[in-house]
2 protein chains.
Amino acid sequence: MPAVTIKDVAREAGVGVGTVSRVFNRSTLVSQETQQRVLAAADKLGYYPDVSARRLVKGRTRIIAFIERHTPRPPFVDAFMAEVLRGIHSVVIEEDYHILIEPCAPGEKGDRRLLNLIREKHADGLIISGPRIDDPIYRSMPNGQIPVVLQGYLPGEALACVDVDNYTGAYQATEYLLSLGHRRIAMISNGPFVYTAAEARKAGYLAALEKTGIEIFPEYICEGAFSPESGYQAMQSLLSLDPRPSAVFIASDTVAIGAIKAIEGANLLIPEDISIVGFDDIAWSAYLSPPLTTVRLPAQEIGEKAARLLMNLLSDDKTVCTQEFLPTRLILRGSCQPYSDNSR
Amino acid sequence: MPAVTIKDVAREAGVGVGTVSRVFNRSTLVSQETQQRVLAAADKLGYYPDVSARRLVKGRTRIIAFIERHTPRPPFVDAFMAEVLRGIHSVVIEEDYHILIEPCAPGEKGDRRLLNLIREKHADGLIISGPRIDDPIYRSMPNGQIPVVLQGYLPGEALACVDVDNYTGAYQATEYLLSLGHRRIAMISNGPFVYTAAEARKAGYLAALEKTGIEIFPEYICEGAFSPESGYQAMQSLLSLDPRPSAVFIASDTVAIGAIKAIEGANLLIPEDISIVGFDDIAWSAYLSPPLTTVRLPAQEIGEKAARLLMNLLSDDKTVCTQEFLPTRLILRGSCQPYSDNSR
DNA sequence: ATTTGTAATGGAAACGTTTCCAATAAAAAT
DNA sequence: ATTTTTATTGGAAACGTTTCCATTACAAAT
């Protein structure tokens, strides 16, 4: 059974192909009566326009690509990413766009895949997630060829982007620990500092300490790697320090879970011996014991904003390339308490 | 700057368009020499074949759609889903396929979206995730129009599918609790029983009990709803029972987290007062306290298998519609202990 | 010398739309 | 009555590929 095309419908309805096309594009310049006839014919024949043909002639795909540009290992794992995706989807669906997901880890292969995506015109626009400071791709990208919005932030690039305000989030978390009287405050990053989010959170942490005039110990700053395991490791090294920190700001709840394990393993109590503030407010955080005080980020909203921005760039190109930073919120739960000298 | 097409390359290289096309399709019937010339010309002009045009003439998109057919609420949230997606991606990328993600919740809108996806030829094949028993869509799907593999299982449908062996997983989990001497074993499902996975896990649980000849209390069977919150609720109702269960099989780690909270809230200890077995082995499970004994499922492998199956269906249509059920593995950790009469 | 076979190539047709231009009919303005 | 405008419509051209068929050149076989 060969596919039924627009010509079949035209013949059936006794009209020209142009008219059929106009009907299906909700063009107003076709009389009520023929419109009925065309629709009836299409229905009878079971006609649906072929999206590939439409794309060819229109030069538009109505597809946006979501580029996962994280390190080779965890492309989709992040529950955060899933929520962002949900946000994106909820807005593009309104405009009848579709989403292509493309994990393109930095490196020869991923770079080529990303570039080809643009050059072969797979999508009309890109949302790039998880940018790294050391990523040279933005320079080699066919310039201005395709609208891009960064989900994240890249200093120095004139790209539209939406991100959570990592700096302020970290600043407030640290400030909160300071307000509880803590002075030996360590930090474990969510991931390597080549990720701008990790860097920004560290900067917020440092700024809060500096403002209070507290000396900064380099050994108090550890690098996580997105996993509980990395948090476990980092916390162990922190616990071996003398004096050990009385509080730790951990820039990822997932990493924090491993860190908590390490603390328990050392027979220390949270928050009695060590206070903890996390970051992300994943679904599980409220159910840890004690419930984790953490920085909540509007994951879905980030996706929505990014998508909305991209939609704007796609419809009228005179849109300026905005940079939006969405506010976080510190969620107080049970993993912190005022400083008291419980350390050795 | 108008896009450079195959004609430009042909002119530049002094050959016909057919030849250029052949070069780019790695056809062997073109001499080494012209091949060089064409490639050089293409490189000079910066030519890349337009994917839409190619799709139109080939009648193939080289896109597969991943259909999220869960209930309206949580389309992407599941970390499990993310891993499956990763598995899918890792195999389709080898064949130069792309992935479209399409949350199509059951209902008028989602149904139409799913159907249009097929009828407008957005993709060559479908992987449908999260099937529900009560989903009528499979009957209204353009029959045999498009290769489909189910990520999950739907009894009675002659569809290719790959799923985890939920039944056996649940059976083994329950059997384990029985072997520890427990007799009052409750269960909380991962989600509503219209989801085949939830149903199968319940069946496995029941079968284990029946085999041991244990009376089944309907009040011991609770319905979760994918969230920690739902687990919290369910466990509270379980704890109010008299006698309360000495062990609970919870068919989702995420749900289990909420349940654990409820147990702690009642000032009971795991595993001293209640033993717990979860399901899924999410990243956090090993870091709970006590570490959660749970049923691990090969999430990524499911994605790989499903994708591989779909690739087969796409390449030669004589492939039979296989049904694969991947084995689970019970991971013993610290949330269970032999039965002792700690209950009131 | 002629025929046959093979490898390489050019170019038209086809894929299924949209869009533009011309044509027609009807209505309005002169 | 004639011209101008407006509302519909038909259909050719275009979008950028692939594929098929015909052609050419040349080697091999007769």
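Note that the coordinates shown come from a computational prediction; the quantities given were computed from them, not determined experimentally. Naming: A, B, ... by sequence-line order, numbering from 1 per chain.
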Undergrad: Tell me which nucleotide among C:dT9, C:dA12, C:dG16 gets nearest to the side chain of B:V17.
TA: C:dA12
Undergrad: Would you say a side-chain N or O of B:S21 is under 4.0 Å from OP1 or OP2 of D:dT18?
TA: yes
Undergrad: Is a salt bridge present between B:D111 and B:R69, judged by a nitrogen-to-oxygen distance below 4.0 Å?
TA: yes
Undergrad: Between P on D:dA7 and CD on A:Q35, what's the gap in Å once rounded to a whole number?
TA: 16 Å
Undergrad: Could you state the CD-P distance from A:E120 to D:dT18, rounded to the nearest angstrom?
TA: 11 Å
Undergrad: What contact category does B:F24 fall into here, base, sugar-phosphate, or nothing, at under 4.0 angstrom with non-hydrogen atoms?
TA: nothing
Undergrad: Quick one: which of C:dT17, D:dT9, D:dT17 gets closest to the side chain of B:I6?
TA: D:dT17
Undergrad: Compare side-chain N and O positions of A:T19 against OP1 and OP2 of D:dG10 and report whether any pair is under 4.0 Å apart.
TA: yes
Undergrad: I want to check one thing: is the phosphate of C:dT9, taken as OP1 and OP2, less than 4.0 Å away from some side-chain N or O of B:S31?
TA: yes
Undergrad: So for A:R55 and C:dG16, does any side-chain atom that can act as donor or acceptor lie under 3.5 Å from a complementary atom in the base?
TA: no
Undergrad: With the side chain of B:L56 defined as its heavy atoms from C-beta on, choose the nearest nucleotide among D:dT9, C:dC15, C:dT18.
TA: C:dC15
Undergrad: Counting only side-chain nitrogens and oxygens, does B:T5 get under 4.0 Å of the OP1 or OP2 atom of D:dC15?
TA: no
Undergrad: Picking from D:dT17, C:dT9, C:dT17, which would you name as closest to the side chain of B:P49?
TA: D:dT17
Undergrad: So among A:E108, A:E102, A:E120, which one has a salt bridge (Lys or Arg N to Asp or Glu O under 4.0 Å) with A:R113?
TA: A:E102
Undergrad: When the nearest nucleotide of DNA chain C is assigned to B:V57 and to B:V15 on a heavy-atom basis, which residue is associated with the more 5' position?
TA: B:V15
Undergrad: For the residue pair A:V148 and A:I146, establish whether any side-chain heavy-atom pair is separated by less than 4.5 Å.
TA: yes
Undergrad: Is the phosphate of D:dT9 approached by A:T34 (side-chain N or O, under 4.0 Å from OP1 or OP2)?
TA: yes
Undergrad: Does B:L29 or B:K58 map to a spot on DNA chain C nearer the 5' end, using the closest nucleotide for each?
TA: B:L29
Undergrad: Would you call the rings of B:H98 and A:H122 parallel, tilted or perpendicular, where under 30° means parallel and over 60° means perpendicular?
TA: tilted
Undergrad: Using OP1 and OP2 only, check whether a side-chain N or O of A:Y48 sits under 4.0 Å from C:dT17.
TA: no
Undergrad: Apply the side-chain contact (heavy atoms from CB on, under 4.5 Å) test between A:I63 and each candidate in A:V92, A:D124, A:L100; give the one that qualifies.
TA: A:L100
